[in-house]
S.K.: 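This is the structure I want to talk about, given as structure tokens.
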Number of protein chains: 2
Amino acid sequence: MANLTAGENCGELQVALDIIVGKWKPIILFHLMENEKLRFSELQRAIPEITKKMLTSQLRELEYNDIVHREVYQQVPPKVEYSMTEYGHGLTPLLVSMRSWGTEHLAHLEELHGKDNEEPRC
Amino acid sequence: MANLTAGENCGELQVALDIIVGKWKPIILFHLMENEKLRFSELQRAIPEITKKMLTSQLRELEYNDIVHREVYQQVPPKVEYSMTEYGHGLTPLLVSMRSWGTEHLAHLEELHGKDNEEPRC
DNA sequence: TCAATTGGTTTCTTAAAAGTAACTAGGTTT
DNA sequence: AAACCTAGTTACTTTTAAGAAACCAATTGA
């Protein structure tokens, strides 16, 4: 096990968290991971409840962090394609382990507290 | 690579995230991971900027999720000890990988954008 | 000429997370 | 008797995240 030091190193975990948290980032990332390229409007259709504002801002943060690439085609009407960067793919194993931990934890919670927490989240 | 399906499975990732997010949960968890048992006041001293209210609420959430155990000693003045549960230790590898991803990402960001983002977070 | 198209931006409002400060119980120490 | 200790709770305020809705630019097709 890697060394654990709580105090100063917590910032590093927050850095990782900041990439992933936000109500929409995980689902955006999963869509981009399984799709190679997606236009803005395709993401909108894939995640119908998201607003343009949220989609834009989350994509911009991911772009700033070099997780997502934004390709603008100079044409009208505009066309913009989003895709995972090479670097961004390095995040995949983490997201996948988080999701599988979550899946198991759901079962564990149900065992502990019963099925009272069934509200869907997305 | 495990199968990725964006739509329905995003909830599971959120479940994992909900355990970890919150401004204080990661640092609380790291302290408990490296300390076996800690009293409420010891956690307060270890994380001086946290308020009682936040410390209490975050610990209660972790307790609800069976990550943290709360042991109350019936004495005055009160004594309450917090520790990771056996189940909670299953979260350690995830937290450790998140932190190391974060560490590497910090270096990556610096390479990309320079050292302009130096504000400490905790 | 006029509506439709795409990928946004802007302003305003609402909801959720976090912070502040005062208060509590009840036994111990001064 | 008064102050102190721990582990909280409560009520209120501030900050941050998210949502709603209107607006925009340039070209195409009807």
Side-chain angles (χ1 to χ4, degrees), chain A residues 10-11 14-15 17-29 31-32 35 37-65 68-83 117 119-122, chain B residues 10-11 14-15 17-29 31-32 35 37-65 68-83 117 119-122:
Chain A
C10 122
Q14 289 290 351
V15 169
L17 275 177
D18 286 351
I19 306 297
I20 309 168
V21 299
K23 194 170 164 188
W24 302 107
K25 287 214 196 95
I27 199 174
I28 291 172
L29 287 170
H31 278 291
L32 288 173
N35 273 296
K37 285 161 188 278
L38 284 174
R39 296 182 64 168
F40 187 86
S41 52
E42 293 178 307
L43 277 166
Q44 271 193 110
R45 271 190 289 278
I47 314 168
E49 329 81 54
I50 202 174
T51 61
K52 288 156 172 284
K53 179 200 169 193
M54 278 294 109
L55 186 51
T56 311
S57 69
Q58 306 298 283
L59 285 169
R60 292 292 149 84
E61 283 183 43
L62 292 168
E63 191 195 359
Y64 176 86
N65 284 284
V68 158
H69 173 69
R70 177 167 179 264
E71 180 90 31
V72 182
Y73 295 82
Q74 277 302 357
Q75 61 184 54
V76 169
K79 176 179 175 182
V80 180
E81 278 181 349
Y82 293 90
S83 53
N117 31 6
E119 328 90 58
R121 290 169 175 279
C122 31
Chain B
C10 122
Q14 289 290 352
V15 169
L17 275 177
D18 286 351
I19 307 297
I20 309 167
V21 299
K23 195 172 164 186
W24 301 108
K25 288 212 196 96
I27 198 174
I28 291 172
L29 287 171
H31 278 292
L32 289 172
N35 273 295
K37 283 160 189 277
L38 283 173
R39 297 183 60 171
F40 187 86
S41 52
E42 294 178 305
L43 277 166
Q44 270 194 109
R45 272 190 290 277
I47 315 168
E49 328 82 54
I50 201 173
T51 62
K52 288 155 171 284
K53 180 199 168 194
M54 277 295 110
L55 185 51
T56 310
S57 70
Q58 305 299 283
L59 285 168
R60 291 292 149 83
E61 282 183 44
L62 292 168
E63 192 195 357
Y64 176 86
N65 284 284
V68 158
H69 173 68
R70 178 168 178 262
E71 181 90 30
V72 181
Y73 295 83
Q74 276 302 357
Q75 61 184 55
V76 169
K79 176 179 177 185
V80 180
E81 277 182 349
Y82 293 90
S83 54
N117 32 4
E119 327 89 61
R121 293 172 173 276
C122 32

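By convention in this document, chain letters (A, B, ...) are assigned in the order of the sequence lines, proteins followed by strands, and residues within each chain are numbered from 1.
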S.K.: I'd like to know if the side chain of A:E63 reaches the main chain of A:R60, judged simply by a donor and an acceptor atom lying under 3.5 Å from each other, with no hydrogens or angles considered.
M.R.: no
S.K.: Without placing hydrogens or testing angles, list every side-chain donor-acceptor pair under 3.5 Å for residues 70-79 of chain B, not counting sequence neighbours.
M.R.:
unit_1	atom_1	unit_2	atom_2	d
B:R70	NE	B:Y82	OH	3.2
B:E71	OE1	B:H69	NE2	2.8
B:Y73	OH	B:E81	OE1	2.9

S.K.: Nucleotide range of DNA chain C contacted by chain B, 5' to 3', under 4.0 Å to a heavy atom?
M.R.: C:dA18 to C:dG27
S.K.: Are side-chain heavy atoms of B:H31 and B:I47 found at a separation under 4.5 Å?
M.R.: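 Yes, their side chains come closer than 4.5 Å.
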S.K.: Does any part of the side chain of B:K25, heavy atoms only, come nearer than 4.5 Å to the side chain of B:L62, both counted from C-beta?
M.R.: yes
S.K.: Would you indicate whether the side-chain heavy atoms of B:D18 and B:Q14 approach each other to under 4.5 Å?
M.R.: yes
S.K.: Roughly how far apart are B:L59 CG and B:M54 CE, rounded to 0.5 Å?
M.R.: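 One gets 11.5 Å once the value is rounded to the nearest 0.5 Å.
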S.K.: So if I define the base as every atom that isn't primed, P, OP1 or OP2, how would nucleotides 6-20 of chain D read as a B/S/- string at a heavy-atom cutoff under 4.0 Å?
M.R.: BBBS-B------BBB
S.K.: Identify the two heavy atoms, one from B:Q44 and one from B:L55, that lie closest to each other, and give their separation to 0.1 Å.
M.R.: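 For B:Q44 versus B:L55, the nearest heavy atoms are CG-CD2, 3.6 Å.
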